[in-house]
Amino acid sequence: MATDLVDSDLTKKRRTESPHALPVVDFGPFLANEGCTVGDVPTAGQLKVAAQIDSIMSEHGFLFLENLGIDSQLLTSAFGAARGTFSQPEDGKAANLAPWAAATNGGYSALGAQSANRARPADLRESISTRTPRLACNDYRGTAAEFGPTADSLWGKLEDATRRFSIACALALGLPAGELDFFSRAFESHDNSALVFVHYPPCDFESGISDGSNSAGSIRVGEHADFGLFTFLFLESGAPGLQVRKAAEGEGGTLGDHKVPLDSGWIHAPGRGGGCAVVNSGALLARWTNDRWRATTHRVVVRNAEEAGEHRYSIPFFAQPDKGTTCAVHPLFVPIEQVVRYPPIAIEDFLQLKLKTLGGS
Ligand SMILES: O=C(O)CCC(=O)C(=O)O
Ligand SMILES: [Fe+2]
């Protein structure tokens, strides 16, 4: 009897810690310039991928996307540039890097400057946020030599990936053929999106706090849902710490404060490396679809002293619709017996409100 119990506990532990608990989708059919990526009828491959995306987004809100068109060499260079930049002495970074400002959402945020969940103290990370090179506003002073050119190259690829994934989402949601650009037309200039380089330095490990099982302490990133339409998150192979919750439990409409679920419903999502992105649905996707797809809550923790002793790097790309765009629920997402849950909102107002809740200026 006792042995059965031990076995079932172990099996349960292994299941919750299975290395790739999130579904993996091969985005290859949307990389080709054919079917709905060029305005024609979708190919059979695209329809199949769209059906997978709908089922996953409805249930999980998180997935791994392979073949997004981002070269793994470029990502290796980007992680190298992040390492080179963040490994400078602390006072050098504060003095030499351009500081982050909510008004531009660009620049360097030092350790302890931001809090993704205001119910917790500051997050245990530092970051550099970059904007599209088309805005010519990035101030790369103080970064490693390869940082700026690498970030600029990534931007080009990510803008294309955003267009393709936006079309895939429209198809997945069942929007009519003439409206498959429903989301992608909100990304003409990318003047709100952000590509961020994040560094989590080694931290103390306190059981019951660093692992997120207490709602009061600092963790690497507190519980939050991203603000935009969706996020492509790049992680190095095996990078531990990301935990996600199923979309059904998402918090698309909330701002700033997130209650901390302390149960076992967190799914571990270690990085797959290469050009594979973790994709998650943001608050605007929930608003735009009237919660047909929800924004997903996630966080970054350390589960033991070994993980706490490691540097961790991540590169999220936040696909945030252009200035001047309004997010108004499409009638397709309001069946007869349902109500419109979110009034139309100017993207700019929504994003500024959200950015201010992060802390900083
Ligand atoms: O670093 C990560 O793995 C996640 C970061 C994140 O969720 C965010 O910056 O919004
Ligand atoms: Fe996030």
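First listed ligand is number 1; within each ligand, the first listed atom is number 1. We number each residue from 1, following the sequence as shown. Atoms considered below: every heavy atom in the structure, side chains included; atoms not considered: hydrogens, waters and symmetry mates.
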Handout entry: Carboxylate-amine/guanidinium contact Arg312 Glu307, below 4.0 Å
Key = no
Problem - Phe197 and Phe147 aromatic ring geometry - parallel, tilted or perpendicular at 30°/60° bounds - result: tilted
Practice task
Give a yes or no on whether the backbone of Ile56 and the side-chain of Glu59 come within a donor-acceptor separation of less than 3.5 Å.
Solution key: no
Practice task
Validate the cation-pi geometry between Arg292 and Phe333: distance from NZ or CZ to the six-membered ring centre under 6.0 Å, angle to the ring axis within 45°.
Solution key: no
Exercise for the section: Report the C-alpha separation of Arg299 and Gln243 in whole Å, then their side-chain angles, then the decisive distance to 0.1 Å, and conclude whether the side chain to side chain contact (heavy atoms under 4.5 Å, CB included) test is met. Expected result: CA-CA 5 Å; Arg299 65 183 185 180; Gln243 295 187 322; 2.8 Å; yes
Distances for all N or O pairs of ligand 1 and the protein under 3.5 Å?
from, atom 1, to, atom 2, distance (Å)
ligand 1, 1 (O), Tyr200, OH, 2.5
ligand 1, 1 (O), Arg312, NH1, 3.0
ligand 1, 1 (O), Ser314, OG, 2.7
ligand 1, 3 (O), Arg312, NH1, 3.1
ligand 1, 3 (O), Arg312, NH2, 2.9
ligand 1, 7 (O), His224, NE2, 3.2
ligand 1, 7 (O), His298, NE2, 3.0
ligand 1, 9 (O), Arg125, NH1, 3.0
ligand 1, 10 (O), His224, NE2, 3.0
ligand 1, 10 (O), Asp226, OD1, 3.1

Handout entry: Salt-bridge contact Glu66-Arg272 (side-chain N to carboxylate O under 4.0 Å)
Key = yes
Exercise for the section: Mark yes or no for whether Asp123, through its side chain, and Ala116, through its backbone, hold a donor-acceptor pair below 3.5 Å. Expected result: yes
Handout entry: Backbone of Thr231 reached by a side-chain donor or acceptor of Asp226 within 3.5 Å
Key = no
Handout entry: Ser281 side chain to Arg294 backbone, donor-acceptor under 3.5 Å
Key = yes
Practice task
Could you give me a count of protein N/O/S atoms that are under 2.8 Å from the Fe ion (ligand 2)?
Solution key: 3
